[in-house]
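Here the structure comes first, spelled out in structure tokens, and everything after it is commentary.
Numbers here simply count residues along the sequence, with the first being 1.
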Amino acid sequence: MPKINLKAKFRKILFSLADFIAPAEAKKELTRELMQKEVDAFIKASGINGKSPDFNPEKFQSDFTKYLKSKNYSVDDLDLQVMRATPEMMPQPDKMPEPKNIKKVSQDLNKYTKAVNVFVNTTEMMPGLVCYVIEKIEPTDKTPFVRYKPSPCVITQIHDNGVNGGTIFFSYEHKLISEANFSNKQSKVVSESKVIYSPLTKEHAIYICKLLNAQSRLFYQKAIKQQKTK
């Protein structure tokens, strides 16, 4: 009967037991900066498009949580609600050149809105930010059709009690008035409260003005042509 080396066998058992009860690898701490890097890497690897109508924020959050766990990050104490889809997290669509020569206004121009930076959620704006609105310029002797231009506004107040639960933004509009007295004529700058229902970025406002100006000009040209044929 072969001699059994009890000492070697016992040592092997101890090593196996040590491997079994050894503590698991320590979880990596996930800071906000690290999380943003991992978000970018996850989006790039999975090819997620937040602009797609099929995008599911809940599934994105669930899949990203599994991704973090697979990389041994500790997510137990992390508020993963910050992983809800935001414009900053989502890959931006390919830029498309804006139309330079607009011969007609049609829904074919909708594809160019991909190149426009717009506020996805205006309720995230706050007082002190500069937004833009569309200002209308009435016809003159030089330009016989109405024109539009972007006009900057400073948001002063935000109320969330608008129609159907909408958000209303407030600003002030400055005007120049002249007052005549016995000695001379004085000019003063006064202001009136202004309501903004839909604040725009400068890029979005410029694009809208391009379309409106083209539509106004084309309508004028068409109307004049019809008058001449009568």
List the residues meeting side chain to side chain donor-acceptor pair (under 3.5 Å) with Gln186, not counting sequence neighbours, and say none if there are none. none

In terms of hydrophobic clustering (I, L, V, M, F, W, Y; side-chain heavy atoms under 4.5 Å; direct or indirect links), are Tyr172 and Ile155 co-clustered? no

Distance-minimising heavy-atom pair for Lys149 and Ile137: CD-CD1, 3.9 Å

Measuring from Ile102:CD1 to Leu218:CG, what's the distance to the nearest 0.5 Å? 8.5 Å

Counterpart residues, side chain to side chain contact (heavy atoms under 4.5 Å, CB included), relative to Arg217 (two or more places apart): Phe145, Ala214, Gln221

Closer than 3.5 angstrom, by distance alone: can the side chain of Ser187 be matched with the main-chain N or O of Ser178 as a donor-acceptor pair? no

Quick one: NZ on Lys136 to SG on Cys209, what's the gap to the nearest 0.5 Å? 12.5 Å

Output the distance between atom CD1 (Ile208) and atom OH (Tyr132), rounded to the nearest 0.5 Å. 13.5 Å

Grab the two heavy atoms, one from Val146 and one from Pro139, that are nearest each other, plus how far apart they are. N-CG, 3.8 Å

Could you grab the distance from atom CD of Gln157 to atom OG of Ser193, nearest 0.5 Å is fine? 7.0 Å

Might you point out which heavy atoms bring Tyr207 and Leu109 nearest each other, and give the distance in Å? OH-O, 3.0 Å

Do you reckon Ile196 sits in the same ILVMFWY cluster as Met126, going by side-chain contacts under 4.5 Å, direct or chained? yes

Lys194: what forms a salt bridge (Lys or Arg N to Asp or Glu O under 4.0 Å) with it, not counting sequence neighbours? none

Any residue meeting ring pair (Phe, Tyr, Trp, His ring centres under 6.0 Å) with Tyr148, in chain and number order, not counting sequence neighbours: none

State the CG-OG distance between Leu211 and Ser106, to the nearest 0.5 angstrom. 10.0 Å

Quick one: does Thr229's side chain have a donor or acceptor within less than 3.5 Å of a partner on Gln226's backbone? yes

Please check if Phe169 and Leu129 belong to a single hydrophobic cluster, counting links between Ile, Leu, Val, Met, Phe, Trp and Tyr side chain heavy atoms closer than 4.5 Å. yes

Pairing residues for Lys175 by the salt bridge (Lys or Arg N to Asp or Glu O under 4.0 Å) criterion, not counting sequence neighbours: Glu192

For the atom pair CD (Gln215) and NZ (Lys104), what is the distance rounded to the nearest 0.5 Å? 13.5 Å

Identify, with sequence neighbours excluded, every residue that meets ring pair (Phe, Tyr, Trp, His ring centres under 6.0 Å) alongside Phe170. His159

Heavy-atom pair of closest approach, residues Met125 and Ile158: O-CD1, 3.2 Å

